[in-house]
Visitor: 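Dropping a structure here in structure tokens format, bear with me for questions.
These numbers come from a predicted model, not from an experiment. Just the heavy atoms: all of them, side chains too, but no hydrogens, waters or symmetry mates, feed the values below.
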Amino acid sequence: QVQLVESGGGFIQTGGSVRLSCVASGGAFASYAMGWFRQAPGKEREFVASVTQNDDHAYYAYFGNERFTISRDNSKNTLYLQMNNLKPEDTAVYYCVGDSTNVESLNQGSGDFWGMGTQVTVSS
């Protein structure tokens, strides 16, 4: 059973930066498309970013373009999300997700494995 554990969240001031990490165990990390979703209080869960198995293509939600960067280190079974110029509307729980099929499936929210999430709070 694949387990995903996120870390790196916290309280950040508007305009600040944070890097989230997600460590995978119990599976073949390099064979999974990986991504991040987020859920703010009272809102639906939404796609943030994703990356293909071999890290050759990344996808971003419109709000993450030019502010967020997703990356992965298959040698460390770790996924990252660098977030810059944070805004109060980025406040949410951020979830790491893996999909054993393809990144297109992951982008639709049908991931096979989900972490428990890490809270990011951006103060105005």
Side-chain angles (χ1 to χ4, degrees):
Q1 183 72 12
V2 175
Q3 290 190 328
L4 303 176
V5 179
E6 304 94 336
S7 62
F11 290 89
I12 305 102
Q13 289 189 334
T14 296
S17 299
V18 69
R19 187 175 80 159
L20 305 183
S21 299
C22 169
V23 178
S25 60
F29 179 77
S31 69
Y32 307 136
M34 297 296 299
W36 295 92
F37 278 70
R38 72 184 187 183
Q39 187 167 21
K43 294 188 176 181
E44 298 278 325
R45 185 178 63 191
E46 62 181 351
F47 169 77
V48 176
S50 64
V51 63
T52 52
Q53 285 87 333
N54 57 6
D55 202 14
D56 65 346
H57 200 85
Y59 300 82
Y60 295 94
Y62 71 93
F63 53 78
N65 279 329
E66 300 189 9
R67 295 195 301 130
F68 296 175
T69 302
I70 189 171
S71 62
R72 64 190 296 164
D73 186 339
N74 287 345
S75 69
K76 296 182 179 179
N77 289 352
T78 303
L79 177 74
Y80 302 100
L81 182 67
Q82 176 70 40
M83 301 190 290
N84 300 324
N85 190 22
L86 284 162
K87 305 175 182 180
E89 52 264 42
D90 294 318
T91 295
V93 177
Y94 285 73
Y95 297 93
C96 174
V97 56
D99 195 299
S100 60
T101 54
N102 54 58
V103 71
E104 290 78 14
S105 173
L106 184 150
N107 293 352
Q108 298 303 313
S110 60
D112 297 307
F113 318 110
W114 293 81
M116 297 298 290
T118 184
Q119 176 72 47
V120 173
T121 302
V122 184
S123 61
S124 58

Visitor: For S110 and S105, test the side chains for any donor-to-acceptor distance below 3.5 angstrom and give the result as yes or no.
Guide: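 Side chains of S110 and S105: pair found under 3.5 Å.
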Visitor: May I ask whether F63 and V51 are part of the same hydrophobic cluster, defined by side-chain heavy atoms of I, L, V, M, F, W, Y residues being less than 4.5 angstrom apart, directly or through others?
Guide: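 F63 and V51: one cluster.
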Visitor: Less than 4.5 Å apart, side chain to side chain, heavy atoms only: is that true for V120 and M83?
Guide: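 Side-chain contact under 4.5 Å: yes.
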Visitor: Between atom SG of C22 and atom CG of N77, what is the distance when rounded to the nearest 0.5 Å?
Guide: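 The CG atom of N77 is 10.0 Å from SG of C22, to the nearest 0.5 Å.
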Visitor: Counting heavy atoms not belonging to E46, are there more than 12 under 6.0 Å from its CD?
Guide: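 Enclosed.
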Visitor: Do F37 and V93 share a hydrophobic cluster (ILVMFWY, side-chain heavy atoms under 4.5 Å, transitive)?
Guide: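 Per the 4.5 Å side-chain linkage, F37 and V93 are co-clustered.
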Visitor: To check you understand the geometry: which heavy-atom pair defines the closest contact between Q119 and A92, and what is its length?
Guide: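 Smallest interatomic distance, heavy atoms only, reads NE2-O, 3.4 Å.
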Visitor: Following the transitive rule for hydrophobic clusters with a side-chain heavy-atom cut-off under 4.5 Å over Ile, Leu, Val, Met, Phe, Trp and Tyr, establish whether V48 and Y62 coincide in one cluster.
Guide: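 They do share one cluster, since a chain of ILVMFWY contacts under 4.5 Å joins V48 to Y62.
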Visitor: Is the shortest side-chain heavy-atom distance between R67 and Y60 below 4.5 Å?
Guide: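 SC-SC contact between R67 and Y60 ruled out.
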Visitor: Above 12 or not: heavy atoms from other molecules or residues under 6.0 Å from CZ of F11?
Guide: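 For F11, atom CZ is not crowded (no more than 12 foreign heavy atoms under 6.0 Å).
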Visitor: Shortest non-hydrogen contact from V103 to S50?
Guide: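 Closest pair (atom of V103, atom of S50, distance): CG2-OG, 3.2 Å.
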Visitor: Considering non-hydrogen atoms only, spot the tightest contact between V97 and L106 and give its length.
Guide: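 Scanning both residues completely, I find the closest heavy atoms to be O-CD1, 3.7 Å.
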Visitor: Contact between P88 and T14 at the side-chain level, heavy atoms closer than 4.5 Å - yes or no?
Guide: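 Yes; the side chains approach each other to less than 4.5 Å.
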Visitor: For E89, does the CD atom have more than 12 heavy-atom neighbours from other residues, nucleotides or ligands under 6.0 Å away?
Guide: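 Check passes, neighbour count above 12.
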Visitor: Where is the tightest heavy-atom contact between Y32 and V2, given as atom of each residue plus distance?
Guide: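 Minimum heavy-atom separation between Y32 and V2: OH-CG2, 3.4 Å.
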Visitor: What are the two closest heavy atoms between F29 and N74, and how far apart are they?
Guide: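 What the structure gives for the nearest pair is CE2-OD1, 3.1 Å.
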Visitor: State, yes or no, whether a side-chain contact exists between E104 and Y59 at a heavy-atom distance under 4.5 Å.
Guide: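 Heavy-atom side-chain distance check passes, below 4.5 Å.
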Visitor: Y95 versus Q39: any side-chain heavy-atom pair under 4.5 Å?
Guide: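 Sidechains of Q39 and Y95: in contact.
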Visitor: Where the side chain of R72 meets the backbone of A33, is there a donor-acceptor pair that is under 3.5 Å apart?
Guide: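 Side chain of R72 to backbone of A33, a donor-acceptor pair under 3.5 Å: no, none is there.
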Visitor: Can you check whether S7's main-chain N or O pairs, donor with acceptor, with T118's side chain at less than 3.5 Å?
Guide: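 Answer holds: no.
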Visitor: Would the distance check show the side chain of Q53 and the main-chain N or O of A30 forming a donor-acceptor pair, the cut-off being under 3.5 Å?
Guide: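 Side chain of Q53 to backbone of A30, a donor-acceptor pair under 3.5 Å: no, none is there.
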Visitor: How about L86 and F68: do any of their side-chain heavy atoms sit closer than 4.5 Å?
Guide: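 Result yes, sub-4.5 Å side-chain heavy-atom pair found.
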Visitor: Please tell me if the side chains of N84 and E66 come closer than 4.5 Å, counting only heavy atoms from C-beta onward.
Guide: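 Side-chain contact under 4.5 Å: no.
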Visitor: For C96 and M34, work out which heavy atoms get closest and say how close.
Guide: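 Distance-wise, the nearest heavy atoms are SG-CE, 3.6 Å.
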